[in-house]
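Notes for the one structure printed next.
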There are 2 protein chains.
Amino acid sequence: MLTERQLLILQVIIDDFIETAHPVGSRAISKKDNIPFSAATIRNEMADLEEMGFLEKTHTSSGRIPSEKGYRYYVDHLISPFSNQQRKGNVIKHVLQDGVFEFEQIVQMSAEMLSELTNYTSIILGPEIYETKLKQVQIITLSSNTAVAILVTNTGHVEHRSFSIPKKIKASEFEKMVNIMNDRLHGVPIVKLPEKFNSEIASIMRKYIEDFDTSYNYLKAAFLADYPVKLYIGGKSNILMQPEFNDVDKIRSFYSMMENEEEIANLLKQNHDGIEVFIGQENKVDAIKDLSLITASYHLGEGQLGTIALLGPTRMEYRKVITLLNILSNEMTEALYMWYKNNG
Amino acid sequence: MLTERQLLILQVIIDDFIETAHPVGSRAISKKDNIPFSAATIRNEMADLEEMGFLEKTHTSSGRIPSEKGYRYYVDHLISPFSNQQRKGNVIKHVLQDGVFEFEQIVQMSAEMLSELTNYTSIILGPEIYETKLKQVQIITLSSNTAVAILVTNTGHVEHRSFSIPKKIKASEFEKMVNIMNDRLHGVPIVKLPEKFNSEIASIMRKYIEDFDTSYNYLKAAFLADYPVKLYIGGKSNILMQPEFNDVDKIRSFYSMMENEEEIANLLKQNHDGIEVFIGQENKVDAIKDLSLITASYHLGEGQLGTIALLGPTRMEYRKVITLLNILSNEMTEALYMWYKNNG
DNA sequence: CATTAGCACTCGACCTTCAAGAGTGCTAAC
DNA sequence: GTTAGCACTCTTGAAGGTCGAGTGCTAATG
């Protein structure tokens, strides 16, 4: 559909625009080393590319900038993703394997590294607690009528929640229940807890525990509530350095979106494996319809565990970023796999 | 030093400027109901007030705006702080006492409420874990060579840290040590832990534990490390709505400061009781030298526990904000006192 | 003698005009 | 098919002009 020359010109225009953020003119292109055509020829080709929807003008006599369709084509066909993988791969590997052993630390560090390497905003979703397994539960009483419930997973993740104990229930009863839970629920995936709780634990407890129904409700509230998804965000202010953020209103809407963690989490939750690129309008959320979002998934054991994402202007260094995310998601999967092997 | 009339005019100018963010002219003032003087008279007074350093001009023929000295005087002398306390006090009280019992939840909610009520950015520091007392420690092994250390305070605060167990130490040894710690350290203020650890625990453990020195180091690393101070920030993007943030560079520097939580924490740590106001240059950190910071402390039991702060433009609604912080810090102290009574 | 009216003056905000420069589209020549 | 040439378009920035808000000063006033 596109001729060789058109491909070349499209690529050069997008590369140039990504670098400079300025519209690209025919003369500038014709002067490049790998372009043996005159400016007039380029102009003709650019007119065709514009007609096909790959390029746009900011005004009638400006140079061309890529359209979203142009970026899409670029990402799908013009990127050779594994160009400079080696060098950066090593950097990441080095940091990730350097004696870090705390799950959440690995993730947080990755987010920061990512935003630093790219100068965009990085978002890492997860680790999804639901994929992990219960290691142990615990109730520690603080006073006659309050206690804190603690839940530890096999990944070393700790969730805790304070709650008040109704007067008529004895602390010793809670202890009994905790023992039963530790006995029966060890190794059960967190996501299966409620189900297992209802089907199995409830009937056992009913036999042993006085005033079972009241206690049961408290227990459920303490241990089975929805745990908030954890978001790790790096370089929130990086994106402000991009020239497209010279508009105060854009900044406002960007930051008010970033405050809504739940929305972001939903945005990132994806089922696909591998890397996905959302360019401008392709995004589902209005607030980032003029940005690009690139997501990759990382794994732990079998189930998908979480998502790494980068948010930047549509004029993003797709080549570099995609390569980087590819590497990082693999590195994280690997690092977490080692962790998992030790702790699963 | 200042005449009655000058005081009145100063107050009117600042009130007006706080409301509108526009320089205030003599004619506008003379038209107000409580001002029986002509514009010319006002002009003379304004010239005097400017000479004394309370007012400034943006250019030779503009209206006046308050200088930082002007704000300082306004805050120190022209505010009657407890004007509309009653109404808002009730709102806060209502929310704070509405069945909330989780310490950190109280704080987080207060931060959000505060930023919502004021449209500025609220920052709450603490609760300082150091003022609280140890309730219980716990080590849960995840695998043959990793474990998670959990520490619970009397406030229901839970700290945890993963660490790896050296091969030569048996898990049972750690268990013994944990038992000793729970025995001896229950009720000890967190801040005194290291001291108590060295003076008392070490010698006891040495008697009972094989290969004490190695284990001891791991234990120290797991339980005695500096716990990061927790910051609760509300309405980060509120401040963007202020007209003084129409400058992209200001936004950049503000947000890059807000990413450095440690710096913020240091900024807020204060020994004073009660409310403190830092106007513009009075702030110690460059990034907020054109903003105002208002801090108040809240308490738990005896020791000071933390700081509530509001960050906004120097053109801040000091009257409202100071009243509000006053109330909120009292409410929080009260709410936390009730919590403490139940859990201390 | 403090207060005020009057007036010349200043400055920012906004608009228009103008020239320069970058870039295009089209036509005609190669 | 490719390219040189040229008229045309549009942005950008500088220069100039007007308007309005507001000041400082002077002289008149109660």
Side-chain angles (χ1 to χ4, degrees), chain A residues 2-10 12-17 19-67 70 243-244 246-248, chain B residues 2-10 12-17 19-67 70 243-244 246-248:
Chain A
L2 288 182
T3 66
E4 273 304 308
R5 193 166 69 190
Q6 285 174 329
L7 286 183
L8 178 62
I9 291 173
L10 180 58
V12 167
I13 291 176
I14 298 185
D15 280 340
D16 197 274
F17 184 71
E19 195 186 326
T20 67
H22 294 303
V24 188
S26 55
R27 231 177 87 81
I29 296 178
S30 74
K31 272 198 247 164
K32 303 218 179 229
D33 286 347
N34 55 341
I35 304 283
F37 317 107
S38 76
T41 309
I42 311 277
R43 277 204 289 285
N44 290 330
E45 296 287 27
M46 291 203 297
D48 290 348
L49 284 167
E50 183 177 358
E51 205 170 338
M52 287 185 273
F54 295 110
L55 295 178
E56 286 172 356
K57 281 188 283 197
T58 60
H59 55 90
T60 43
S61 74
S62 75
R64 300 303 205 292
I65 64 172
S67 67
E244 21 279 278
N246 262 338
D247 177 9
V248 180
Chain B
L2 288 181
T3 67
E4 274 303 310
R5 193 167 66 188
Q6 286 172 328
L7 286 182
L8 178 62
I9 290 174
L10 181 58
V12 167
I13 290 176
I14 298 185
D15 281 340
D16 197 272
F17 184 71
E19 196 186 326
T20 66
H22 293 301
V24 188
S26 56
R27 230 177 88 79
I29 298 178
S30 75
K31 272 197 247 164
K32 302 218 181 231
D33 286 347
N34 55 339
I35 304 283
F37 317 107
S38 77
T41 310
I42 312 277
R43 277 204 290 284
N44 290 330
E45 295 287 27
M46 291 202 298
D48 290 348
L49 284 167
E50 182 176 359
E51 205 170 338
M52 287 185 272
F54 295 110
L55 295 178
E56 287 173 355
K57 281 188 282 197
T58 59
H59 55 90
T60 43
S61 73
S62 75
R64 300 303 205 290
I65 63 171
S67 68
E244 22 280 277
N246 262 338
D247 177 9
V248 180

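A, B, ... follow the sequence lines: proteins, then strands. Residue 1 opens every chain.
For A/Thr60 and D/dC10, the shortest distance from a side-chain N or O to OP1 or OP2 is below 4.0 Å. Residue A/Arg5 places at least one side-chain N or O under 4.0 Å from the OP1 or OP2 atom of D/dT2.
In the 5' to 3' direction, nucleotides of DNA chain C lying under 4.0 Å from heavy atoms of chain B begin and end at C/dT3 to C/dG12.
For A/Glu244, the side chain to side chain donor-acceptor pair (under 3.5 Å) test picks out A/Arg315, with sequence neighbours left out. The side chain to side chain donor-acceptor pair (under 3.5 Å) search around A/Thr41 returns A/Ser38, not counting sequence neighbours. Remark: B/Ser30 pairs with no residue by the side chain to side chain donor-acceptor pair (under 3.5 Å) rule, at least two apart or across chains.
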Residues B/Val12, B/Leu8; criterion side-chain contact (heavy atoms from CB on, under 4.5 Å); working and verdict
CA-CA 6 Å; B/Val12 167; B/Leu8 178 62; 4.3 Å; yes
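For residues 53-66 of chain B, the side-chain hydrogen bond (donor to acceptor under 3.5 Å, both in side chains) pairs, not counting sequence neighbours, are B/Glu50-B/Arg64, B/Thr58-B/Ser62. For the salt bridge (charged side-chain N to carboxylate O under 4.0 Å, His left out) condition, the pairs that include at least one residue of residues 29-45 of chain A, sequence neighbours left out, are A/Arg5-A/Glu45, A/Asp16-A/Lys32. Within the structure, ring pair (Phe, Tyr, Trp, His ring centres under 6.0 Å) pairs that include any residue of residues 25-46 of chain B do not occur (at least two apart or interchain).
Separating the CG atom in A/Leu49 from the CD1 atom in A/Ile42 is a distance of 10.0 Å, to the nearest 0.5 Å. Atoms CG and OG, from B/Asn44 and B/Ser26 in turn, are 9.5 Å apart once rounded to the nearest 0.5 Å.
Residue A/Glu4 contributes atom CD, which lies 17 Å from atom C1' of D/dG1 at whole-angstrom precision. Note: NZ (B/Lys31) to C1' (D/dG22) measures 12 Å, nearest angstrom.
For the segment residues 35-47 of chain A, the set of residues with a heavy atom within less than 4.0 Å of an atom of DNA chain C comprises A/Arg43, A/Met46, in numerical order.
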Could you run down the sub-3.5 Å N/O contacts of the protein with nucleotides 15-20 of chain D?
none

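Judged by distance alone, the side chain of B/Ser67 and the main-chain N or O of B/Gly53 form a donor-acceptor pair under 3.5 Å.
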